[in-house]
Amino acid sequence: MNDHTTPSLEITDVVLELGDGESRVRALDEVSLTVMPGEFAAIVGPSGSGKSSLLAIAGAMARPDRGTVHVHGTDVSKLSKSATTRFRLRNIGFVFQSGNLIPSLTAADQLRLAGRLAGDRHVDVETLLGSVGMAHRAKHRPGQLSGGERQRVGIARALVNTPSLLLVDEPTAALDRRRSHEVVALLADRAHNANVAVVMVTHDRDVLEHCDRIFEMVDGRLSVHALVN
């Protein structure tokens, strides 16, 4: 169980530049963000504003040019490449658009594979799938699931390593309004009841009612957009 006093994510004065020469751009410009365990934060903003870069930095997929990134107290920007990979597999969960599932694997096997990669060969698949309402579809492959069901399996897979931080990229992009609300409400439930910090990038402002805090990214700068609840 994650404690309530150490931030799950603490990004401080991060600068990230991309490209070379005259095409070099500042994707993140002095960005700071703190998300606590049990908190659900959304990041909105136009395409190209830096949202994906922020997720990459938060998930230790990229290193900042300046600033620090702490995930549950560990400065991931100072870890070696191999240590970063191990840390990411054991502490950070990712939910991608449309679930990003492996077509040949059943829902249960998606979770088992994620467990093996994280060093856990004894994943409680039934409980995890049950927590997202998908236990009855454990033997189905992605092609046999609806878009909303694939996202639910993707969320369960991201929770295999009991992460302190869950990063979610456009989870409703391929879903209708009802399924979008169901998926985002499920993410809110996982944040609040499993003590996981959830950071969601989205263009779908219709689902923001489920979030605790909302930030807006414009031209690489992050600001508080609104407070809810």
Side-chain angles (χ1 to χ4, degrees), residues 7-19 25-62 64 67 69-71 92-100 132 147-148 150-152 154-155 158-159 163-192 194 196-229:
S8 293
L9 175 65
E10 190 171 20
I11 296 174
T12 307
D13 299 329
V14 158
V15 172
L16 177 67
E17 295 186 343
L18 302 175
V25 297
R26 182 166 286 196
L28 298 176
D29 189 5
E30 300 288 346
V31 169
S32 295
L33 173 66
T34 299
V35 186
M36 300 299 294
E39 187 174 29
F40 186 10
I43 300 173
V44 299
S47 298
S49 61
K51 301 189 304 299
S52 295
S53 294
L54 181 58
L55 275 193
I57 286 290
M61 302 293 288
V69 182
H70 288 81
V71 176
I92 304 173
F94 295 88
V95 180
F96 303 96
Q97 294 183 35
S98 303
N100 200 32
V132 297
R150 288 193 294 273
Q151 279 292 29
R152 286 174 177 268
I155 293 169
L159 296 172
S164 57
L165 175 64
L166 187 62
L167 302 175
V168 188
D169 184 18
E170 298 286 358
T172 66
L175 305 180
D176 61 30
R177 187 174 186 274
R178 179 176 65 83
R179 289 183 175 85
S180 293
H181 277 278
E182 288 176 353
V183 165
V184 178
L186 177 60
L187 290 168
D189 174 78
R190 293 296 82 198
H192 301 149
V196 179
V198 179
V199 179
M200 176 181 69
V201 162
T202 184
H203 282 93
D204 187 357
R205 295 174 183 265
D206 190 45
V207 300
L208 296 179
E209 64 190 67
H210 301 284
C211 303
D212 301 312
R213 287 195 296 161
I214 303 165
F215 298 87
E216 184 141 25
M217 180 74 79
V218 177
D219 294 333
R221 289 185 171 272
L222 190 70
S223 61
V224 176
H225 175 69
L227 295 175
V228 294
N229 296 335

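Since we're looking at a predicted model, the values are computed, not measured. Heavy-atom basis, side chains included; hydrogens, waters and symmetry copies ignored.
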Is it true that a side-chain atom of [X] and a backbone atom of [Y] form a donor plus acceptor pair closer than 3.5 Å?
X	Y	answer
S32	D13	yes
S8	L165	no
S49	M217	yes
D169	F96	no

To the nearest 0.5 angstrom, please state how far the [atom1] atom of [X] sits from the [atom2] atom of [Y].
X	Y	atom1	atom2	value
C211	I43	SG	CD1	10.5 Å
T34	I11	OG1	CD1	8.5 Å
S164	M36	OG	CE	11.5 Å
R205	I214	CZ	CD1	8.5 Å
M200	F40	CE	CZ	4.0 Å

Could you report the tightest heavy-atom contact between [X] and [Y], atom names first, then the distance?
X	Y	answer
V183	G148	CG2-O, 4.2 Å
L187	P171	CD1-CG, 4.3 Å
A158	P163	O-CG, 3.5 Å
L208	A42	CD2-CB, 3.7 Å
P64	V14	CB-CG1, 3.7 Å
A191	V198	CB-CG2, 3.7 Å

Next on the checklist: Applying side-chain hydrogen bond (donor to acceptor under 3.5 Å, both in side chains) as the test, list every pair that has at least one member in residues 179-188; sequence neighbours left out.
Outcome noted: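 For residues 179-188: D176-R179, R178-E182, H181-D206, H181-H210.
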Item to check | Salt-bridge present (K51, E170; N to O < 4.0 Å) | outcome: no
With a 4.5 Å limit on heavy-atom distance, are the side chains of [X] and [Y] in contact?
X	Y	result
I92	L167	yes
V224	R213	no
L55	F94	no
H70	T12	no
L54	V201	no
I57	V31	no

Checklist entry - side-chain contact (heavy atoms from CB on, under 4.5 Å) between V95 and Q151: does it pass, once the steps are laid out? => result CA-CA 8 Å; V95 180; Q151 279 292 29; 3.7 Å; yes
Checklist entry - Can you check side-chain contact (heavy atoms from CB on, under 4.5 Å) on V132 and L186, steps first, answer last? => result CA-CA 7 Å; V132 297; L186 177 60; 3.7 Å; yes
Item to check | Worked check of side-chain contact (heavy atoms from CB on, under 4.5 Å) between H203 and S47 | outcome: CA-CA 9 Å; H203 282 93; S47 298; 3.5 Å; yes
